[in-house]
2 protein chains.
Amino acid sequence: MTSRREAVHDILRKSEGFRSAQDVYAQLRSAGAKIGLTTVYRALQALADGGKVDVLRTDDGESVYRACATDTHHHHLVCRKCGHTVEVAGPAVERWAEAVGAEHGFTEVTHTVEVFGTCSGCSTSARS
Amino acid sequence: MTSRREAVHDILRKSEGFRSAQDVYAQLRSAGAKIGLTTVYRALQALADGGKVDVLRTDDGESVYRACATDTHHHHLVCRKCGHTVEVAGPAVERWAEAVGAEHGFTEVTHTVEVFGTCSGCSTSARS
DNA sequence: GCGATTTTGACAACCATTTTCATTTCGCGG
DNA sequence: CCGCGAAATGAAAATGGTTGTCAAAATCGC
């Protein structure tokens with residue numbers, strides 16, 4: 001684990017929601033770190049490859065990253081307003097995906113699931 | 001519904017799996033149509049906005065499109081090898097997403113789900 | 001300390017997608 | 001059919017997230 005990867009991982013550990021490479025880079029630079037954008041991308045990729053970080057694609061096509069709170073398989077419930085993110089287990093989804101795959105003769109079935117909503121904090125402030 | 005949008009929609013209706021804008025453009029041009037890449041993108045966007053076409057983002061971040069076989073809410077089971085796609089209903093997923101959202105105090109809950117696997121055709125040929 | 005290997009950073013390159021703007025097409029009413 | 005305003009189009013330029021390149025720096029293991 002090199003110092004740059006550690007710095008990148010640290011930012012994600014201290015963040016609550018998903019962060020883009022551009023975000024992480026901007027934050028590190030404004031904190032005075034000497035790090036290149038390419039290095040940020042590569043660090044994020046290495047962290048993701050090592051299972052330390054989750055990646056998802058936004059509607060815009062950009063990759064965003066979040067430090068894993070748990071090693072177990074999980075999904076994300078993300079506030080569409082503030083980005084607040086909760087890791088959730090999805091046993092019902094796993095079962096459904098397996099069943100649907102089997103029903104149509106598919107093997108090696110994998111799935112992606114993301115859930116979006118408005119969190120209680122944002123619902124409350126939107127009303128005031 | 002303009003002639004360009006109709007042409008684009010036609011390509012998707014005659015395709016089985018998801019197609020990228022670049023694919024659709026290449027096919028239209030090689031069939032002799034005089035159409036611009038930008039127009040393809042805009043036609044796809046209009047079709048998606050009108051609910052006639054599903055969009056999803058690939059792992060590469062590229063958008064791909066598929067004509068909707070049904071107006072009802074559905075998900076996709078996609079072969080990772082050949083692109084063969086089946087539309088599937090997911091009542092268990094809907095219930096789970098609602099429950100998970102409610103459990104964490106979220107409102108206006110939406111979800112994205114895609115399922116990937118190797119279809120029976122590809123499993124069979126991979127073995128030969 | 002040393003050599004081999006890996007990582008880094010700045011810059012260039014890539015590529016899907018969107019913007020710009022002049023032109024064409026569309027849809028409607030007369 | 002014609003005229004008109006609005007919408008759509010196409011080509012070229014621009015955008016911006018991401019990756020490749022390559023020399024230099026850092027790391028690793030002995």
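Letters A, B, ... are given to chains in the order of the sequence lines, protein chains preceding strands, and every chain is numbered from 1.
Residues from residues 18-40 of chain B placing a heavy atom under 4.0 Å of any atom in DNA chain D, listed by number, are B:Lys34, B:Ile35, B:Gly36, B:Thr38, B:Thr39. Looking at residues 48-58 of chain A, you'll see A:Arg57 sit with a heavy atom under 4.0 Å from some atom of DNA chain D.
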Checklist entry - Which letter, B, S or -, goes with each nucleotide of nucleotides 24-30 of chain D from 5' to 3', with contact meaning a protein heavy atom under 4.0 Å? => result -------
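Every residue was checked against the ring-ring contact (aromatic ring centres under 6.0 Å, His included) condition with A:His9, not counting sequence neighbours, and none meets it. Annotation: side chain to side chain contact (heavy atoms under 4.5 Å, CB included) contacts of A:Ala102 (sequence neighbours excluded): none. By the side chain to side chain contact (heavy atoms under 4.5 Å, CB included) test, A:Asp23 is found to be paired with A:Arg19, A:Ser20, residues two or more places apart in sequence or in another chain being considered. Every residue two or more places apart in sequence or in another chain was checked for a side chain to side chain contact (heavy atoms under 4.5 Å, CB included) with A:Ser120, and none qualifies. Partners of B:Asp10 under the side-chain hydrogen bond (donor to acceptor under 3.5 Å, both in side chains) rule, at least two apart in sequence or in another chain, are B:Arg13, B:Lys14.
For the salt bridge (charged side-chain N to carboxylate O under 4.0 Å, His left out) condition, the pairs that include at least one residue of residues 87-110 of chain A, sequence neighbours left out, are A:Arg66-A:Glu87. The ring-ring contact (aromatic ring centres under 6.0 Å, His included) analysis of residues 18-41 of chain B, with sequence neighbours excluded, yields the pairs B:Phe18-B:His76. Each side chain to side chain donor-acceptor pair (under 3.5 Å) pair with one or both residues in residues 29-38 of chain B, not counting sequence neighbours, would appear here, but there are none. The stretch residues 83-102 of chain A participates, sequence neighbours left out, in these ring-ring contact (aromatic ring centres under 6.0 Å, His included) pairs: A:Trp96-B:His75.
Out of D:dG17, C:dT17, D:dA8, the shortest distance to the side chain of B:Arg5 is found at D:dA8.
The distance from the CZ atom of B:Phe106 to the OG1 atom of A:Thr118 is 8.5 Å, given to the nearest 0.5 Å.
Side-chain N/O atoms of A:Tyr41 include none lying less than 4.0 angstrom from OP1 or OP2 on D:dT19.
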